[in-house]
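Structure, as structure tokens:
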Amino acid sequence: MHKPLDGLFLSTREHIDEEEQRIVNTVRQWADREILAKRLTYLEHYEQEFAGKRGMLLMEIGLQRLALSEENGGFGWNSKASAPCLAAVLMEIGRADAATAYMSALQFTTILASGADGTSPIDTLISRFYSTDKPVNPALILPGPGSQDEQTPLFFGRSINARLVHEGDSAILFGKNMRPAGCGALADHFCVVCADSAGKPWIAFVPADAQGIQRGNILQETGLNACANADITFQHVRLPREATLEGKETVEGLYLWLNLFLGATSVGAAMNFFEIVYDWANTRTIKGGSLMKENPLCASVLADVAEEIAIARFLTDDLARLIAMTASPNGPELQNVYTFAQIVGYRVQQGAMRAVNRGLELMGSAGYAREWHAEKHWRDIKTIQSYLCGVGAEVPVKMDTARFFFDCREI
Amino acid sequence: MHKPLDGLFLSTREHIDEEEQRIVNTVRQWADREILAKRLTYLEHYEQEFAGKRGMLLMEIGLQRLALSEENGGFGWNSKASAPCLAAVLMEIGRADAATAYMSALQFTTILASGADGTSPIDTLISRFYSTDKPVNPALILPGPGSQDEQTPLFFGRSINARLVHEGDSAILFGKNMRPAGCGALADHFCVVCADSAGKPWIAFVPADAQGIQRGNILQETGLNACANADITFQHVRLPREATLEGKETVEGLYLWLNLFLGATSVGAAMNFFEIVYDWANTRTIKGGSLMKENPLCASVLADVAEEIAIARFLTDDLARLIAMTASPNGPELQNVYTFAQIVGYRVQQGAMRAVNRGLELMGSAGYAREWHAEKHWRDIKTIQSYLCGVGAEVPVKMDTARFFFDCREI
Amino acid sequence: MKSIDDFSRPEEYISPLDKHFRSVVRAWVDKDVMPHRREYDEDWKEHTLIEPAFDNLMANRGLGIQKALFPADLGGWGLGQSDYAFTIACTLAEEVGRADTAMAVAFMVTYWPLTTILVEPHVNRRLAAEFAPMFCKSDKAVFAALAMTEPQGGADIENMELLGGKTIKTTARLDGDEWIINGHKLWPTNTGGVGQLFGVPCTTRPGSTDPNDFALIFVPADMKGVTQGGPYEKAGMAADKNGDLWFEDVRVPNWYRAHGPGKDAQVFKEIIPWGLVGSMGFLVGAMMNLYEVLYEFVSTRTYGNRPLKENDAIAGLIGRIAGDIEVCRILAYEGARIGDRRNRPYGHPLYSEEVLAKLRNLKDFVCDRAVENFGRAMDVLGVYGPDRQYDIEKHWRDIKIIQLWMGGKQLCQMEAARYFYNCKTL
Amino acid sequence: MKSIDDFSRPEEYISPLDKHFRSVVRAWVDKDVMPHRREYDEDWKEHTLIEPAFDNLMANRGLGIQKALFPADLGGWGLGQSDYAFTIACTLAEEVGRADTAMAVAFMVTYWPLTTILVEPHVNRRLAAEFAPMFCKSDKAVFAALAMTEPQGGADIENMELLGGKTIKTTARLDGDEWIINGHKLWPTNTGGVGQLFGVPCTTRPGSTDPNDFALIFVPADMKGVTQGGPYEKAGMAADKNGDLWFEDVRVPNWYRAHGPGKDAQVFKEIIPWGLVGSMGFLVGAMMNLYEVLYEFVSTRTYGNRPLKENDAIAGLIGRIAGDIEVCRILAYEGARIGDRRNRPYGHPLYSEEVLAKLRNLKDFVCDRAVENFGRAMDVLGVYGPDRQYDIEKHWRDIKIIQLWMGGKQLCQMEAARYFYNCKTL
């Protein structure tokens, strides 16, 4: 397709300055030249060729240090005010490859959820970890499903399956066969939501080379194939105390960023899906001759595709702006933005998924053949959606929403 | 309910200054004191008591002149930059009474779609018409359904049923049994989309006392009962030429404003519905004793109510901001914003309607009894939604969307 | 033009009487209801227009259909003994619901309490004989009501599975050979002044969950101590009056209890399937009318100067509406058949968890489709959608209440989930 | 625990053979498919694991089910003569689809072209005798394919109502007592190397819309000039191979044409109902497996430290999933029955507009529910949703293709709309 996407999908972004836009544009060029133009090659030789492209993005363009504070050697997109720019960058990466964007989203989430203030010990620790000349593979272990036979501490109903015990200057981490949201098999570090003995939630930053970490077999998963996953066991893993951060608000903050970044990732992937469908609809004929796009029923399906993506992008931008607004003294409260982040996060994934499901309806077997690449977006976005749900589909988010709006106390 | 709605439903509004916010607050006080506090009374004695309250809003608070230019004696909220403020005001009125807000929405649409530049002849004409000490009742005649037996000029597929012929300094209007979007029976003027002999669309401003206007019987309609409707026939209605405005862009502009204003109206009504459901959920017990809101299934329905309204409000704010952005030299193009206005307009109505439909599920017969007022919002919003569709449900909007995003030429 | 009768039904289930019932009721609908139904909303309090139409359907001077369930030897038609009772009920619900679902519910709820004493295998001959003259010999429509809902608790009474009747506040105390009944009910169909006989679920021991303490007692409206309030004003369903009902030391003979301890709780559970199948029939009937109106509109009004139905996108949308009606009709008759299998070796009793859960599920499903499709249809009509002259908006207002009644959507969901997932604590 | 067999079926329609077929196929599924299906995705090219399983189902050394349609005197089971052919097809589709819908389609598509010559009232004895040995005497699974789709035009061939075959590019020319066939087909199930017999829709006069110029000709895969390409790599359905198929001056005897001018077009229309009912069966089977997996997960994993199913909101959500499965199963069997009514006075022929439109509608509906519910179920499993070990994600990938095949969703919508609204120009 030969139209600029920005001219089609409007945005109310007003918080991105020229310098920031330049970085967004650089990432778009990388996407166009390095990935989209060579996509069919990658289909055959994924492993060999693709990893290098991610390296180029993270190292040469420097995205691995984008969200690190200037104090710690980063680009300084480390505040809430950077939310719109970070989201914009992830959309561009997601358009090229959702798995690559997903890993950057986890990186950004790890950094920003840990404060990223340029001064705290954990920020220094994480910054040092990321300031390497190799791509860092991150993994998140979030609260999620519990098991019938055990009572766990909860984060708003979701089971926190990792336990934290503080011993002097150390923190010891336990947890058995926990399922990360992707990347478990290749993670260089884990960002883990865990609970102390009082049940209070914490975040722990865990380098993968720490003693006592076991990984299960590589899992076969629906999508995000570059994010090879495996179950993780922590057996008495000792961390420095400064690798942990306390409090429910910290975890809320993590979800807030995660919803934004995964939303941007899926919207990016969906925009490339739009490009694929655009090309299809502009060349495919039906009913013995007329162009598919000129048939009103097909056009209404095409409209669904565009509409869902447009709305998802709007909502992602809204969430980014809301997060940016919390940086100002009169900004909204965290609990409030947390609720909206959960709502918007789930709606964006749902919208992106609907866009793809609808688009596939028009593509027949081309939607399904690996060759056309449409099916990859479908599998990738679905995987992100399910990961983000954690457990119970949208119910945990619904409970968060009802709790906030209707003052429920027991759900 | 005793919580401020603003604290619950976040907004990304940044374009409202203190002065503007004061007006919004005044309208809210009017809503709380004059309408919401006395609602049960109105149920019995609607006609007698309610009309006066609208007069208070339009005359004493002065809303009838809000969107008029300062040059023509108005408050000066007459530019695209005023979109967020006007939408905010309509939400407050809609919360009190959708029909009252609907009539203000039609007023604002009439004024702004006609240019409202403070200098053009039509603006002067309309401003003079609105500068009276009685509430002006407006009605719109929009493109919509055509009839099997006639070919009409089209506005993107919708039939333009009124014809315009220019004769020297006059314009003559024709049209038979046309169905306005509400208010036909009591209109003081009509804002009519019509077509000239070449099929080009125009807007005409028609005072109701012009010669040659016939009204049909008062219709019984689902909701917006204060906006009594009737079919309208124009038989050689003569207007001054300056009461007409030319061009497809003019009609696109009209839809753009209409979508915003009706969106704000329905969101406002939905927010009051939220308050009703809030009270219900916080007092009603189920399963022999527990509070409804503490049951997870009911809570998830409550969450749907809040979520749909929150998203609808976000999207309305987004549309308002987009319209405001078109005022700046680098702003998006009209065709683009028109498409988004159609998408957002339809999604907002759909979301508001879903919120109400879900909420009613929990209210049992109270949802249905006139006494609780929930059913009024349900009927009012549904009426707005159907009016706005014009004909063919969301299909015309889908066609607009596909045309814009996929360059369809024949649909 | 395709007719509404082209929607599929499971042909193998249909009663031999179906054609006859359908044609006489449809003739009545077209003559007595269709010409007047647009005025019913304003007639909600007085029933000046509505009452004569009911008389023509229900009473002896008309079709006399109110006697249908009574045994033939008592002057009825004996449908209580039919193998097709549910399927015929579905047919009747459809035909009347097509014109006016409120009328359909008011007429069919008259049968509702009577099913507990007139349908095999639970015929109570003595009560049947007692009430037969009231229904079989009248030249006026006679309405009965099942007075379930109480002020506190909403759907709690319908939630028998969970609460076992423990929240029932209406009491029945045996005093010699009479029951003394005290309590306050509200919202039953056919109250607000029209009910002449009430089936009253009450408790003989307040707070008990023992099924033996649940009693279903028949109370004629003219007994001392029975008070009916006036009808509530509602968003729709004007032909169905609902109001308050008070019982103050009302005395009825002890044999006015439907069957006795234990059995009453069972027959009370058994009324639920009737209500659910009836609800589906009402909705399918209303949707068949939706199809008729929509067909006309999309054939004569245009978009792009061609009939709406010739635009592929609109065709897709209205095709989905017709397709949903087809689906719902199949499901409604399958639901009816689940009821009619009650006495067959491969069937399940009406009070079984299986029947209740499956019918709740089907009813929930059909309600959702109806609410969705009427809403969509109004939008297809656009500016004409809210206009009562186009007949869809009235159904839109009316059918929402079908989703809300009998415990509403969420109770349906819970019963289905309990059944399919063997949930213990919902 | 409730079992998958607790979902409703219209009991009155079920074949006396149902129980037998169901139990032997289920035993085969549990033994030969369930233990291996998670590895099928990697086996898409070679079918090293998949082929032996097919042999055990289809060939003489196993259940021998590939002979089912052939007349008994030719070595088959004579199901082509059964009054329950569609209903049994639905049962088989369900049972195999429960394990793997790709396997189900590959196995059942073998019947597909054969229905045109083996099912009453269209039995072509000569062709039946010709092909009977191939299927009835083999110790290996033998696959047939219906080679419809062509490179340009996509679903156009399935869109016979509208296009009358005018876009078909594959030609058949009579040369003496032989047909000479030329053309290029792609994506048929059971190509990519596995097909041994092809039913080939072709035209005897390119561009014609005259039904007499449509020919359905059988072509064994080993004829000179037949070339099968390798299988495509797809997002799912690994057990179903699809590829290109070229016919280059392929000569077959003139009596390999199914029936002849006019009749071929009719029997080609009649295959569509089989495909639609089969599709619904596959989906219901897959959803029954979804229920099994989901039941286990929601019973053992927790939210708020209680089993997921004991949370009312999650119960509501999974209850809706189970409820939809119930609904879809009822509809699938009603669809099957519409097929089995073809020879009854109250039924309609398979080629009739009525049957085609109604089955398209039901298939479209069931597809939507399946796509929706598998997607939801993955989210219920959350981080475990995308994991192949939980078996839902494979179905999720597989069943989407069922929505896309046979002309896809939009063709279904158009046929239903045409029928219900008598549209002329869609």
Side-chain angles (χ1 to χ4, degrees), chain A residues 43 142 144-152 154 157-159 179-182 219-224 229 284-289 295 297-298 301 353 357 360-365 367-371 375-376 378-379 382-383 385-396 398-399 411, chain D residues 38 41-42 149 152-156 159 162-163 166-167 186-187 232-237 242 297 299-305 307-308 311 313-314 316-317 371 375-389 393-394 396-397 400-401 403-405 407-410 413-414 426:
Chain A
L43 210 61
L142 298 169
S147 290
Q148 189 181 20
D149 42 4
E150 50 185 0
Q151 296 284 309
T152 66
L154 300 174
R158 305 149 177 101
S159 280
R179 177 66 49 100
L219 302 164
Q220 286 167 312
E221 294 193 317
T222 307
L224 296 182
N229 205 7
R284 189 71 178 174
T285 61
I286 63 163
K287 288 188 177 181
N295 174 274
L297 180 61
C298 297
V301 179
M353 203 61 224
N357 260 321
L360 289 181
E361 286 174 15
L362 295 182
M363 292 186 68
S365 39
Y368 211 68
R370 293 249 164 172
E371 184 188 345
E375 61 85 33
K376 180 173 182 296
W378 175 61
R379 291 184 292 108
K382 185 68 210 177
T383 304
Q385 184 185 30
S386 291
Y387 281 165
L388 190 60
C389 284
V391 67
E394 73 273 20
V395 169
K398 295 283 176 192
M399 297 302 103
I411 56 173
Chain D
R38 288 176 192 158
D41 271 299
E42 283 66 45
T149 306
Q152 262 313 319
D156 277 355
N159 203 351
L162 184 68
L163 296 169
K166 84 168 172 191
T167 61
L186 74 185
W187 278 101
Y232 300 140
E233 191 174 4
K234 298 171 301 179
M237 282 223 172
N242 315 105
F297 190 88
S299 301
T300 56
R301 306 310 296 247
T302 63
Y303 172 75
N305 283 325
L308 293 171
N311 174 285
I314 295 170
L317 196 160
V371 168
R376 300 272 282 171
M378 279 182 72
D379 294 344
V380 172
L381 268 59
V383 280
Y384 295 100
D387 182 350
R388 200 187 296 166
Q389 300 294 313
E393 74 88 28
K394 180 178 182 309
W396 177 82
R397 284 184 287 117
K400 181 74 183 174
I401 204 174
Q403 186 182 48
L404 304 183
W405 73 30
K409 182 169 172 55
Q410 281 66 39
Q413 289 187 278
M414 284 304 92
L426 297 187

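Quick note on labels: first sequence line is chain A, next is B, and so on, each numbered from 1.
- Not one N or O on the side chain of Arg388(D) forms a donor-acceptor pair closer than 3.5 Å with the backbone of Glu221(A).
- To the nearest 0.5 angstrom, Arg370(A) atom CZ is 11.0 Å from Lys234(D) atom NZ.
- At least one side-chain heavy atom of Met378(D) sits less than 4.5 Å from a side-chain heavy atom of Thr222(A).
- The parts of Tyr384(D) that come within reach of chain A are both its backbone and its side chain, each placing non-hydrogen atoms under 4.5 angstrom from that chain.
- Pairing each heavy atom of Gly304(D) with each of Leu154(A), the nearest pair is CA-CD1, 3.7 Å.
- The environment of CD in Glu233(D) is crowded: more than 12 heavy-atom neighbours from other residues, nucleotides or ligands sit within 6.0 Å.
- Within the 4.5 angstrom heavy-atom criterion, only side-chain atoms of Met399(A), from C-beta onward, approach chain D.
- Using a 4.5 Å cut-off between heavy atoms, Tyr303(D) touches chain A through backbone and side chain atoms alike.
- The backbone N or O of Asn357(A) sits less than 3.5 Å from a side-chain atom of Lys400(D), completing a donor-acceptor pair.
- The side-chain heavy atoms of Glu394(A) and Asp379(D), taken from C-beta on, include no pair separated by under 4.5 Å.
- Ranked by heavy-atom pairs under 4.5 Å with chain A, the list Gly385(D), Gly316(D), Ala377(D), Gly375(D) is led by Gly375(D).
- The choice from Ser365(A), Gly223(A), Cys389(A) that makes the most heavy-atom pairs within less than 4.5 Å of chain D is Ser365(A).
- When all heavy atoms of Leu317(D) and Ala393(A) are compared, the pair lying nearest together is CD1-CB, 3.9 Å.
- Taking chain D as the reference chain and counting heavy-atom pairs below 4.5 Å, the highest number among Arg158(A), Gln385(A), Lys382(A) is found for Lys382(A).
- With salt bridges taken as basic N to acidic carboxylate O contacts below 4.0 Å, none links Arg379(A) and Glu393(D).
- Using a 4.5 Å cut-off between heavy atoms, Ile401(D) touches chain A through backbone and side chain atoms alike.
- What you find for Glu361(A) and Leu404(D) is that their closest heavy atoms are CA-CD2, 3.6 Å.
- How far CG of Asn305(D) is from CD of Gln151(A): 4.0 Å, rounded to the nearest 0.5 Å.
- If you tally non-hydrogen atom pairs under 4.5 Å between each of Lys409(D), Gln410(D), Lys394(D) and chain A, the highest count goes to Gln410(D).
- Residue Thr152(A) touches chain D through both its backbone and its side chain, counting heavy-atom pairs closer than 4.5 Å.
- Note that OG1 of Thr167(D) is 12.0 Å distant from CD1 of Ile286(A), once rounded to the nearest 0.5 Å.
- When the candidates Ser147(A), Ala369(A), Ala181(A), Gly144(A) are compared by the number of heavy-atom contacts under 4.5 Å with chain D, Ser147(A) comes out ahead.
- At a 4.5 Å heavy-atom cutoff, the contact between Leu360(A) and chain D is made by backbone and side-chain atoms alike.
- Of all non-hydrogen atoms in Gly392(A) and Ile314(D), the two that sit nearest each other are CA-CD1, 4.2 Å.
- Using a 4.5 Å cut-off between heavy atoms, Pro396(A) touches chain D through backbone and side chain atoms alike.
- Only the side chain of Glu375(A) comes within less than 4.5 Å of a heavy atom in chain D; its backbone stays farther off.
- Counting only heavy atoms from C-beta outward, the side chains of Trp396(D) and Trp378(A) approach each other to under 4.5 Å.
- Here the closest heavy-atom approach between residue Tyr368(A) and residue Met237(D) is recorded as OH-N, 4.1 Å.
- Asp41(D) does not touch chain A: none of its heavy atoms, backbone or side chain, sits under 4.5 Å away.
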Might you work through the side chain to side chain contact (heavy atoms under 4.5 Å, CB included) test for Leu297(A) and Met414(D), ending with a clear yes or no?
-> CA-CA 9 Å; Leu297(A) 180 61; Met414(D) 284 304 92; 3.4 Å; yes
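- Side-chain contact between Val391(A) and Val383(D) is absent, with no heavy-atom pair separated by less than 4.5 Å.
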